[in-house]
Amino acid sequence: MDLNEYLGLFLDESVEHLQAINSSLLIFEQRLDDEAVIDQIFRSAHTLKGMSGTMGYDAIADLTHEMESALDLVRSKTQPATPELIDVLFVAAEQLETMVEDISQGGTGKLDVAATVVRLKKFIQADSETEVSEAETLIPVLKNFECDVYSESVVRQSMASGYHAYVITVELSADVILKAARVYMVFDRLQSLGDVILSNPTSDELEQEQFETSFDVLFVTMKSEQEIQEGIKSVSEVAHVTIQPFEAPIEAVAATETLLVPTTNEAATVKTVEATEVQAPVAAKTIRVNLERIDRLMNLFEEFIIDRGRLERIAAEVGSSDLTETVERIKRGTNELQSLVLTLRMMPIEQVFNRFPRMVRSVSKDVGKNIKLHITGAETELDRTVIDEIGDPLVHLIRNAVDHGIESKADRILAGKPVEGNLSLRAYHSGNRVFIEIEDDGAGINHERVTQIALEKGLVTEEEAALLTPEEASMLLFAPGFSTAETVTDLSGRGVGLDVVKSKIESLGGEVFVETKRGAGTIFRISLPLTLSIISAMLVKLGQETYAIPLTAIIETTSLKQEAILQAHREKVFDFRGQLVPLISLNQVYGLPQADAEAYSVVVVRSGEKLAGLIVSELIGQQEIVMKPLGSYLEGIRAISGATILGDGQVALIIDSNALLRK
């Protein structure tokens, strides 16, 4: 059997189970007697063991086997959970992630986990004598199978829920030709009547026809023996069926088993059986689609959007009512299709957030603080491209909050605060944007100290420092090289590297803001677009060239007369709703001729708390555009984030207003 075809499924399932283990371990650490949480970790570890063993990843199988054995002692209340066990389980989870990641990158998944296995065995061996005595009480009939404690637990739980358990022996005809096909048909009948727990020989051996003419099956069902007999005997070339009731002590133990059953193409079908609710398999309502296929679909649709723009232009030039009506119908249809295609690219931010609970636990221990992480809105969806890129900036902001934002235990006690600090990670939608907030209940930002450091580093002048608002002082944290850290540690002080964080967020079309209150804490708020590929933009003329400005950055457009242009600090400004806002001539920025006029077309844009008026030659109008990267050869062009192809085939550069307003 070629296992490569199951690699994608193995990786997807492994990631899901590792996420479950990580989140459950954090709860387990707080509630050591929570049986449901212990069961969840046990089930995930056991399923990983089965899958990795089948795929030949022995290091993962060995480690999860020891995790499973240790957890089973806790589940059965044979041994209490200890801090040492919790710590080694976290280490094991991290090593499992490393091995799965290595496999996803084309590696073998091998890792030296011997030290972790030894630590787990120490916990297990404390009860080795009891374990031997329990092993001797296993029902003799189970010796016909490669049985473990888990499989027996599945049967016991099923029987406790009112199911019947049977050991079925199936004898095929002596002259049977396609044994594997007949086995598949028998399993197919059984799956329609109940659930197969184990088989002897194993499913792999049955697939490869490594047996004579008979095999045994451990089976749980609500059906009668007669119905089972009739179901199996309906398969041709089945000579004889023997059904024996299976009897075992009833214990309420929940578990999950991944079984491989033969299929007609001599491959394997992965099936998950919940012992708490054993039932026949239900048809799946979702499918897994390779991300490359979705990307190809998106690329094709982007080309279609470009052609749609060309059709709209042609329809306007021709002036045919029939053509205009047809184009309008196409536009309505493509708008709906666009929404659907973009939805396919959306993924919950949960997969990014899931890495942080364990990280906060580890980092807070390193710095000697008690910090509790609260996560809300993990189901909020973002474009996959944004999901892939936002992880590192969030890691940096969270590590800074833990290290420098939340006070030490002693300082919190002096401030009359609980010893345990709180760190909140939130995500939510607002309009066509997604907001992510990292909030701590620490000491807040000391604006006086921040301003003084900025002065010492030459980031601001004395005059500028005197005019800084608290919000502007907070944004100094993002200046290159700025740091409030007094000593260099593995965890940077708040400010170190935050310029990189800001640049990364802005490269995604996002913004970052800071809110703080002395003694109460700080909020870093990140605003991101839902998608990066197809956006709404305002097309403008600069001389004879066409440029695009994303609508998300635009507050409004206006016409400004020459006499309304003022001078302040040797810069051109204008009065915008009672506020003096600087004017920027885009023609001058991009080296194009700027003709004097009685009135100018101005696009008012915002970046964080900053406003600016962009002077353009002409406003063309709003249009959906497809963003294309400039490529490495053209990277670094000031205030240009990409390009798009217009309906007439011309290329229009996309203006990055954040970069224009950044000093």
Side-chain angles (χ1 to χ4, degrees), residues 17-18 20-29 31-53 58-93 95-96 113 116-139 142-143 145-161 165 197-198 218 220 248-259 272-276 278:
H17 286 296
L18 286 172
I21 288 174
N22 275 316
S23 57
S24 297
L25 278 175
L26 291 161
I27 300 173
F28 184 33
E29 186 177 31
R31 304 200 299 263
L32 295 177
D33 59 346
D34 193 324
E35 295 182 6
V37 174
I38 299 170
D39 284 343
Q40 175 62 59
I41 304 170
F42 179 90
R43 290 196 300 267
S44 295
H46 183 82
T47 305
L48 270 173
K49 182 186 77 171
M51 292 191 305
S52 57
D58 295 335
I60 296 178
D62 292 343
L63 184 54
T64 49
H65 174 74
E66 299 301 335
M67 292 174 66
E68 179 187 25
S69 299
L71 287 165
D72 192 57
L73 293 175
V74 179
R75 285 199 322 159
S76 62
K77 295 183 171 56
T78 304
Q79 282 186 237
T82 63
E84 166 64 18
L85 175 63
I86 299 296
D87 287 341
V88 72
L89 288 175
F90 272 108
V91 171
Q95 290 177 334
L96 289 172
V113 296
T116 307
V117 169
V118 167
R119 292 175 67 186
L120 287 168
K121 282 185 179 293
K122 284 182 179 178
F123 180 85
I124 298 166
Q125 287 169 357
D127 193 60
S128 58
E129 292 182 4
T130 305
E131 188 174 291
V132 170
S133 63
E134 287 182 353
E136 292 172 350
T137 65
L138 287 175
I139 307 305
L142 283 177
K143 293 179 181 178
F145 303 94
E146 294 181 4
C147 182
D148 52 23
V149 175
Y150 159 75
S151 300
E152 185 185 7
S153 298
V154 171
V155 178
R156 287 173 174 168
Q157 176 62 39
S158 301
M159 295 174 69
S161 301
I197 304 302
L198 290 170
L218 180 58
V220 292
I250 297 177
E251 293 181 6
V253 183
T256 300
E257 170 73 357
T258 297
L259 303 175
T272 301
V273 180
E274 287 289 342
T276 53
V278 182

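All values below were derived from every heavy atom in this structure, side-chain atoms included, with hydrogens, water molecules and symmetry-related copies excluded. Quick caveat: nothing in here was measured; it's all calculated off a predicted structure.
Separation of atoms CE (Met67) and CG (Leu25) is listed at 6.5 Å; rounding is to 0.5 Å. Atom NE2 of His17 sits about 4.5 Å away from atom OG1 of Thr47, to the nearest 0.5 Å. Between the CZ atom of Phe42 and the CD1 atom of Ile21 there is a distance of 11.5 Å, given to the nearest 0.5 Å. Of the inter-residue distances, the one linking Leu120 atom CG with Lys122 atom NZ reads 11.0 Å to the nearest 0.5 angstrom. With rounding to the nearest 0.5 Å, the separation of CZ in Arg43 from CZ in Arg75 is 8.5 Å. Taking CD1 of Ile38 as the start and CZ of Arg31 as the end, the distance is 10.5 Å to the nearest 0.5 Å.
Remark: Asp87 pairs with Arg361, Lys365 by the salt bridge (charged side-chain N to carboxylate O under 4.0 Å, His left out) rule, at least two apart or across chains. For the side chain to side chain contact (heavy atoms under 4.5 Å, CB included) test, residues two or more places apart in sequence or in another chain that qualify with Ser24 are Val37, Gln40, Ile41. Residues forming a side-chain hydrogen bond (donor to acceptor under 3.5 Å, both in side chains) with Thr116 (at least two apart in sequence, or on another chain): Gln95.
Heavy-atom minimum distance, Ala59 versus Val113: O-CG2, 4.3 Å. Among all heavy-atom pairs drawn from Thr64 and Ala61, the shortest one is OG1-O, 3.1 Å. Considering all non-hydrogen atoms of both residues, Ser69 and Ile124 come closest at CB-CD1, 3.6 Å. Ala92 approaches Leu63 most closely through the heavy-atom pair O-CD2, 3.8 Å. When every heavy atom of Leu89 is checked against every heavy atom of Phe28, the shortest pair comes out as CD1-CE2, 4.2 Å. Of all heavy-atom pairs spanning Leu32 and Ala81, the tightest one is CD2-CB, 4.1 Å.
Around atom CD of Glu84, more than 12 heavy atoms belonging to other residues, nucleotides or ligands sit under 6.0 Å away.
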* To do: Show your reasoning for whether side chain to side chain contact (heavy atoms under 4.5 Å, CB included) applies to Leu18 and Leu48.
  => CA-CA 9 Å; Leu18 286 172; Leu48 270 173; 3.9 Å; yes
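A donor-acceptor pair under 3.5 Å is formed between the side chain of Gln79 and the backbone N or O of Phe123. The closest donor-acceptor contact from the side chain of Asp72 to the backbone of Glu68 lies at 3.5 Å or more, if one exists at all.
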